[in-house]
Amino acid sequence: MRYLPLTQEDRADMLSAIGANSVDDFYTDVPESARLPGTVPGLPDHQGEFAVERYLTKLASKNVTASDSAFFVGCGAYKHHVPASIDMVIQRSEFLTTYTPYQPEIAQGTLQTLFEFQTQVAEITAMDVANASMYDGATSCAEAAVMACRATRRKKVVLSGGLHPHYAASTKLLCEAQGIEVVQLPAAIDGELELAGAVDDATACVIGQSPNVFGTITDMTPVADAAHEKKALFVSVFTEAVSLGLVKPPGEMGADIAVGEGQSIGNSLNFGGPYVGLFAATQKLVRQMPGRLCGETTDAEGKRGFVLTLSTREQHIRRDKATSNICTNSGLCALAFTAHMTLLGGKGLHDLAVLNHEAACDLADALEAVNGVEILTPRFFNEFAFRVPMNAADALQGLLDRDVVGGVRVSRLYPHEDELSNVIVCAATECTTPEDIAAYASALKEILS
């Protein structure tokens, strides 16, 4: 296929047809500070393939991977062990080369995998039905808000003060485009239950997170009850899927919609993606769900088979009837999730969750013993927030200089909350060793002394 570039006249005609003055008009919603005035600074132009490969390899060598040092980053992306068998499964040709299973007669393996994925997600969230995945946890949250407005015919969404700021930002962006009012409660380490007092007769849904961005675990059943009393929906969010092996799942708290990030199971950190969004709901909301759902059926000969049962997205139906404009599901990441969950089973997920919690307790005990450190998270699974008597960014840099990636400074997530400038959120998983914890505590003690 030949590449036929557009001429300036072609571009002018296209811009004129849609009423835009320039290509820059398409980016008015992107803050000026996030835009590049021209080419990427320091990046050379017009290099040969070999030169480009060498240059990019040199750039990549500057990265510090999660395995290079003691690693305690969390806040929605967690270092878990991914068994070698997972890579073997997802690289099989019948999985690696298939994409969207539009033709069920030749995509039975992919369809069955997605069916199993949905079953697993529904079970660990204690919900009735799950879809075949979303892009990531943040977009799942945004889609849940829009879905709730569609189902209730209301235009107001309330977010908790512990909802991950990235999830909140994604939700606000999608809702703004659809004329939906979004109310964000003030940042709070332990304030998920405040949602119960924020719901009114105009509210479509309230969105809370457990464990929240500060690691706090909360039984949000009172929030669900308050929402239902006002005929609103309760959306339960999680960023750490492994927590569902130990803490109370969304369905048991009365959630109407459960959304979150599935990266923790079967998927490596990968410097931030790709990840896999989990989305589950009650049976009565199934036709309002975004994306697509795979179902089990029988063929003309009575044999078991799988099909796309619901595909209410604009690729399949009229745009004005679509529940979402999501173009696909995270098929390969969902496959990795399913392969790992199949190896774990229910007991394995529980045991893995216990290991995570025990490691976090050991870490909290070690850090709390350091003079000047205050643990802020009252109830946690595998991550928590703590305060240091200095700027968190400086403390983390000091830790990094000592080969310890100490976590996430909260000021990165809440840049305008001055009282959080000395707060760090750190996480421990089954990959965290006693030596890692000792190194963290020793390095922090040295920095604060």
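Quantities reported herein were computed from a predicted structural model and do not represent experimental measurements. Excluded from the calculations below are hydrogen atoms, water molecules and symmetry mates; all remaining heavy atoms, backbone and side chain alike, are included.
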Using atom types as modelled and distance alone, determine if a side-chain donor or acceptor of D136 lies under 3.5 Å from a backbone N or O of V276. no
Does the E261 side chain pair with the main chain of A138, one donor and one acceptor, at a distance under 3.5 Å? no
Is any side-chain heavy atom of V183 closer than 4.5 Å to one of L159? no
Donor-acceptor check, side chain of D68 to backbone of T65, threshold 3.5 angstrom: yes or no? yes
Residues 328-353 vs salt bridge (Lys or Arg N to Asp or Glu O under 4.0 Å), sequence neighbours excluded, gives K347-D351
Show every donor-acceptor pair shorter than 3.5 Å between a side-chain atom in residues 236-255 and any protein atom, with sequence neighbours excluded, or say none if there are none.
from, atom 1, to, atom 2, distance (Å)
T239, OG1, Y78, OH, 3.1
E240, OE1, V242, N, 3.1
E240, OE1, S264, OG, 2.5
E240, OE2, H80, NE2, 3.0
E240, OE2, N382, ND2, 2.8
S243, OG, E240, O, 2.6
K248, NZ, D219, OD2, 3.1

Qualifying ring-ring contact (aromatic ring centres under 6.0 Å, His included) pairs with a residue from residues 241-262, counting only residues at least two apart or across chains: none
Backbone N or O of I189 within a donor-acceptor pair of the N212 side chain at under 3.5 Å? yes
Closest approach of Q118 and A130, non-hydrogen atoms and distance? CG-O, 3.4 Å
Applying side-chain contact (heavy atoms from CB on, under 4.5 Å), run through V425 and E383 and close with a yes or a no. CA-CA 7 Å; V425 174; E383 66 183 324; 3.6 Å; yes
Grab the two heavy atoms, one from A393 and one from N391, that are nearest each other, plus how far apart they are. N-OD1, 2.8 Å
More than 12 foreign heavy atoms under 6.0 Å from CD of E374: is that the case here? yes
More than 12 heavy atoms of other groups within 6.0 Å of F271 CZ: yes
Would a distance-only check, ignoring hydrogens and angles, find a side-chain to backbone donor-acceptor pair under 3.5 Å from H357 to F381? yes
Does F214 form a ring-ring contact (aromatic ring centres under 6.0 Å, His included) with F384? I'd like the steps, not just the answer. CA-CA 6 Å; F214 299 100; F384 54 86; over 10 Å; no
Nearest atoms (heavy-atom pairs only) where A66 meets F71: O-CB, 3.4 Å
Could you report the tightest heavy-atom contact between E419 and V423, atom names first, then the distance? O-CG2, 4.4 Å
Given 3.5 Å as the limit, does a donor-acceptor pair link the side chain of R412 with the main chain of V408, or not? no
Is there a side-chain contact (heavy atoms from CB on, under 4.5 Å) between T216 and T218 once you walk through the steps? CA-CA 6 Å; T216 306; T218 305; 4.0 Å; yes
Note: G162 and E192 closest approach over all heavy atoms is CA-OE2, 3.1 Å
Judged by modelled atom types alone, do T342 and Q120 share a side-chain donor-acceptor pair under 3.5 Å? yes
Taking side chain as C-beta onward, heavy atoms only, is V307 less than 4.5 Å from C294? no
Looking at residues at least two apart in the chain, or sitting in another chain, which of them share a salt bridge (Lys or Arg N to Asp or Glu O under 4.0 Å) with D190? R379
So, the side chain of T309 versus the backbone of G295: is there a donor-acceptor pair under 3.5 Å, distance only? yes
Report the C-alpha separation of E116 and T338 in whole Å, then their side-chain angles, then the decisive distance to 0.1 Å, and conclude whether the side chain to side chain donor-acceptor pair (under 3.5 Å) test is met. CA-CA 7 Å; E116 301 290 352; T338 298; over 6 Å; no
Atom of I437, atom of F72 and distance for their closest heavy-atom approach: N-CZ, 4.1 Å
Heavy-atom side-chain contact between L56 and E53 under 4.5 Å: no
Could you tell me if the side chain of L420 sits less than 4.5 Å from the side chain of R409, heavy atoms only? no
In a table with atom names and distances, give each donor-acceptor pair under 3.5 Å that connects a side chain of residues 22-32 to protein atoms at least two apart or in another chain.
from, atom 1, to, atom 2, distance (Å)
S22, OG, D24, N, 3.3
D25, OD2, N21, N, 2.7
D25, OD2, S22, N, 3.4

Check whether any side-chain heavy atom of V259 sits under 4.5 Å from a side-chain heavy atom of V235, and report yes or no. yes
Does any N or O in the side chain of Y275 come within less than 3.5 Å of the main-chain N or O of L269, such that one atom is a donor and the other an acceptor? yes
For the pair S449 (side chain) and E446 (backbone), establish whether a donor and an acceptor sit closer than 3.5 Å, ignoring hydrogens and angles. yes
Is there a donor-acceptor contact under 3.5 Å from the side chain of D128 to the main chain of A122? no
For residues S421 and D418, is any side-chain donor paired with an opposing acceptor at under 3.5 Å? no
L285 and M147, any side-chain heavy atoms less than 4.5 Å apart: yes
Acceptor/donor pairs from residues 362-373 side chains to any protein atom, 3.5 angstrom cut, sequence neighbours excluded:
none

